[in-house]
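The next block holds one structure in the form of structure tokens; read it before the comments.
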Amino acid sequence: MSVLKIYNTLSRQKEVFTPIQKNTVGMYVCGMTVYDFCHIGHARVMVVFDVVARYLKHLGYDVKYVRNITDIDDKIIARANDAGEDFNQLTTRFINEMHRDEASLNVLKPDLEPLATESIDNIVTMIQTLITKDNAYMGPNGDVYYAVESFKNYGQLSGRQLDDMQAGERVEVDKNKRNPFDFVLWKSAKPDEPSWPSPWGAGRPGWHIECSAMSTCCLGNHFDIHGGGMDLQFPHHENEIAQSESATGERYVNTWMHNGFVRIDDEKMSKSLGNFFTVREVLKKYRGEEIRFFVLSSHYRSPLNYSDEQLNESRSALERLYTALRGIMPVQSTAKSDYISRFENAMNDDFNTAKAVSVLFECANEINRLRKTNINEAANRVADLLSMAQPLGLLEQNPDEYLQSSLGSDQTLSEADIDEKINQRLQAKADKNWSLADQIRDELKEQDVILEDSGSSTTWRRA
RNA sequence: GGCUGAGUGGCAGAGUGGUUAUGCAGCGGCCUGCAAAGCCGUGUACAGCGGUUCGAUUCCGCUCUCAGCCUCCA
């Protein structure tokens, strides 16, 4: 039996995972900024870290999973102004929408979901500490900045030196800063902007400080795993390390995990490029489980190319797995099967879900082989398949219901209609009226209902 | 310019110093009234050039190509 290894961005290698406190894991993931619907890139973060949390629990750890919500920032303010509504209304709406998307993707709720706007006290306290320790200063414009040169390890996570970076390449250098890479901790409010009181006047927190404050508040100064998308590596997570370690004087995070991007035509999917699909849009054509399978079909650090073709393949793949489960009740065997071991070996290797999923298919194949010859053993393998699918958050539906479910909107034939057609056809078959039987089958196929004869009975599923 | 990561069979996508990934699609067979599903079988795959090695897709070097980050971003 292998042990869990996780690729740590900080060391750029896989490391044996050892929690700070035996048997418990604290994990923080940077969540959404809630000013719009989630896109498939967000879905990837949600699903990937949901699987990490599920698998850690599967290994027996007591997991505390925290994922924050950024509910105040420039874009939120801009959107709220455009819509002529209070920023709170906007964020509340999109938090609800986000929760709906998560439910569709079978993403379990994190244990804590702190909001930036509810963490202002902690944020202010941390900024005060940073000023006291000379890691932060107030600029001429009244904003409070973190001084990157005050932190000797700045750049350790992203593997870059302050001197090597090209300040001002894309954004004009702010003259209020001592160093171009200094970043804002507290932003003073302009008239009519949402604001909170602070020792530096009314304002709002900068983006990076909220995560430092919320994570240390929820999980302690030093915790096990911190995750997020690749793009957060720099500057967001680099800045979090600087802030947190300066403020607490302790090591901040042991393991940094970053997931790869979703791409479209080999280009990063992002809001700024405008080439994104929302989860909501994709759910009109595909089941949440199909999207989830698609995400898990490649390794979390690899790029993931989005296309209908890919989603169609995920659909076929899930059909195969559910078909294997059909008609056999799981029976847990006493001995741990080889499939489970191989599955865990794959997952222990930095959550290699692509490899892990391949074990599910091999198990499905075994079930199909055994179902005619050894139903008891087949039932054991069904139990294996389900227990492997559990940490992946897959195959939780009833197989028949899954295979007979439609995506709703264009539901033309009811189950009763289908049953009636099947009965007509069974009669035709009994009469050896093959042309009528085939005609009925073809008619149903036109409506995306596929018949499968087995002996004297007929089952059906939707295409 | 600096720093990452990647190039695998028709497609997607794992992995490995010498032996089957897996899924989808294809082809042949079994099953079936015929199908569907399933089962069995089947594919001169590892960007290019050098090097190390008995042997490299797997290690090393170089080249080419692609993607990402360098204060919007999951």
Side-chain angles (χ1 to χ4, degrees), chain A residues 9 12 29-33 38-46 48-49 73-75 148 155 158-161 163-171 173-174 177 180-184 206-208 227-236 238-239 258-263 266-273 276 293-294 297-299 301-305 307 309-310 312-321 323-324 326 346 349 352-362 364-365 367-369 371-372 403 429 432 434-435 437-438 441-442 445 450-455 458-461:
Chain A
T9 307
R12 310 214 174 264
V29 170
C30 290
M32 310 309 133
T33 301
C38 295
H39 59 60
I40 297 295
H42 297 123
R44 189 176 194 187
V45 180
M46 299 193 286
V48 161
F49 288 101
D73 90 322
D74 292 352
K75 273 179 290 207
V148 291
S158 49
R160 57 188 84 202
Q161 307 287 321
D163 295 343
D164 292 338
M165 293 190 284
Q166 295 189 359
E169 176 74 8
R170 297 188 304 167
V171 176
V173 172
D174 187 340
K177 298 176 180 178
F181 292 100
D182 289 354
F183 52 91
V184 73
W207 176 37
H208 313 297
M230 293 280 296
D231 48 356
L232 298 186
Q233 220 176 94
F234 188 90
H236 186 54
E238 195 69 63
N239 291 351
H258 293 98
N259 66 275
F261 293 122
V262 176
R263 298 186 192 172
D266 285 325
E267 203 175 42
K268 175 184 173 183
M269 176 188 287
S270 76
K271 294 205 171 170
S272 46
L273 289 170
F276 61 91
F293 184 93
F294 163 66
S297 63
S298 76
H299 185 91
R301 285 189 283 117
S302 305
L304 180 62
N305 239 321
S307 69
E309 199 184 354
Q310 291 295 297
N312 289 338
E313 276 202 18
S314 298
R315 169 168 296 171
S316 304
L318 276 172
E319 250 170 44
R320 179 167 165 78
L321 293 175
T323 301
R326 215 161 37 162
D349 184 14
N352 192 336
T353 53
K355 194 177 183 183
V357 163
S358 77
V359 181
L360 305 212
F361 284 102
E362 288 177 34
N365 183 254
I367 292 167
N368 288 331
R369 264 195 304 258
R371 70 194 315 142
K372 289 238 171 78
L403 292 167
K429 281 180 65 177
K432 298 220 187 303
W434 304 126
S435 63
D438 290 353
R441 187 170 60 200
D442 290 345
K445 196 175 178 202
I450 295 169
L451 298 188
E452 298 176 4
D453 293 335
S454 59
T458 296
T459 55
W460 62 276
R461 63 189 165 85

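Note on naming: letters A, B, ... go to the chains in the order of the sequence lines (proteins, then strands), and numbering restarts at 1 for each one.
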Item to check | A:Glu319 with A:Arg461: basic N within carboxylate O range, under 4.0 Å | outcome: yes
Checklist entry - Between A:Lys445 and A:Asp442, is there a salt bridge with N-O shorter than 4.0 Å? => result no
Heavy atoms only: give me the nearest [X]-[Y] pair and the separation to one decimal.
X: A:His39; Y: A:Gly41; value: ND1-N, 2.9 Å
X: A:Ala364; Y: A:Leu321; value: CB-CD2, 3.9 Å
X: A:Pro303; Y: A:Ser298; value: O-OG, 4.3 Å

Base, sugar-phosphate alone, or nothing: which one does [X] contact when heavy atoms must sit under 4.0 Å apart?
X: A:Ser272; value: base
X: A:His299; value: sugar-phosphate
X: A:Met269; value: base
X: A:Phe183; value: nothing
X: A:Gly155; value: nothing
X: A:Val262; value: base
X: A:Gly159; value: sugar-phosphate
X: A:Lys271; value: nothing
X: A:Ser302; value: sugar-phosphate
X: A:Glu362; value: sugar-phosphate
X: A:Asn259; value: base
X: A:Ser454; value: nothing
X: A:Asp73; value: nothing

Given that both distances must come in under 3.5 Å, which nucleotide forms a Watson-Crick or G-U wobble pair with [N]?
N: B:A47; answer: B:U63
N: B:C27; answer: B:G41
N: B:G1; answer: B:C70

Provide the distance between the two [atom1] atoms, one in [N] and one in [M], to the nearest whole Å.
N: B:A25; M: B:A67; atom1: P; result: 31 Å
N: B:C60; M: B:G26; atom1: P; result: 40 Å
N: B:U8; M: B:C46; atom1: P; result: 10 Å
N: B:A36; M: B:G48; atom1: P; result: 39 Å
N: B:U58; M: B:U42; atom1: P; result: 27 Å
N: B:U20; M: B:A12; atom1: P; result: 24 Å
N: B:A74; M: B:A35; atom1: C1'; result: 46 Å
N: B:A45; M: B:G2; atom1: P; result: 38 Å

No-H, no-angle donor-acceptor pair, [X] side chain to [N] base, under 3.5 Å:
X: A:Asp438; N: B:G33; answer: yes
X: A:Arg44; N: B:A74; answer: no
X: A:Arg320; N: B:C24; answer: no
X: A:Lys372; N: B:C39; answer: no
X: A:Asp453; N: B:C34; answer: yes

Nearest to side-chain heavy atoms of [X], which nucleotide of [options]:
X: A:Arg441; options: B:A14, B:C39, B:G33; value: B:G33
X: A:Ile450; options: B:A36, B:G23, B:U71; value: B:A36
X: A:Arg369; options: B:A14, B:C70, B:C40; value: B:C40
X: A:Arg461; options: B:A14, B:C39, B:A37; value: B:A37
X: A:Gln310; options: B:U22, B:A12, B:U71; value: B:A12
X: A:Lys268; options: B:A74, B:C69, B:C11; value: B:C69
X: A:Trp434; options: B:G33, B:C69, B:U71; value: B:G33
X: A:Glu313; options: B:A14, B:U71, B:A12; value: B:A12
X: A:Ala317; options: B:C69, B:C11, B:G23; value: B:G23
X: A:Phe261; options: B:A37, B:U4, B:A74; value: B:A74

Checklist outcome for this item: Whole-Å distance, A:Gln161 CD to B:C3 P, equals 10 Å
OP1 or OP2 of [N] sitting under 4.0 Å from any side-chain N/O of [X]?
X: A:Ser297; N: B:C24; value: no
X: A:Asn365; N: B:G38; value: no
X: A:Asn368; N: B:C39; value: yes

Item to check | Trace of the side chain to side chain contact (heavy atoms under 4.5 Å, CB included) decision for A:Phe261 with A:Met269 | outcome: CA-CA 7 Å; A:Phe261 293 122; A:Met269 176 188 287; over 6 Å; no
Checklist outcome for this item: Rounded to the nearest 0.5 angstrom, the CZ-CG distance for A:Phe293 and A:Leu318 is 5.5 Å
Checklist entry - Between A:Thr33 and A:Asp73, does any side-chain donor sit less than 3.5 Å from a side-chain acceptor? => result no
Checklist entry - Would you say the side chain of A:Thr9 lies within less than 4.5 Å of the side chain of A:Arg301, judging by non-hydrogen atoms? => result no
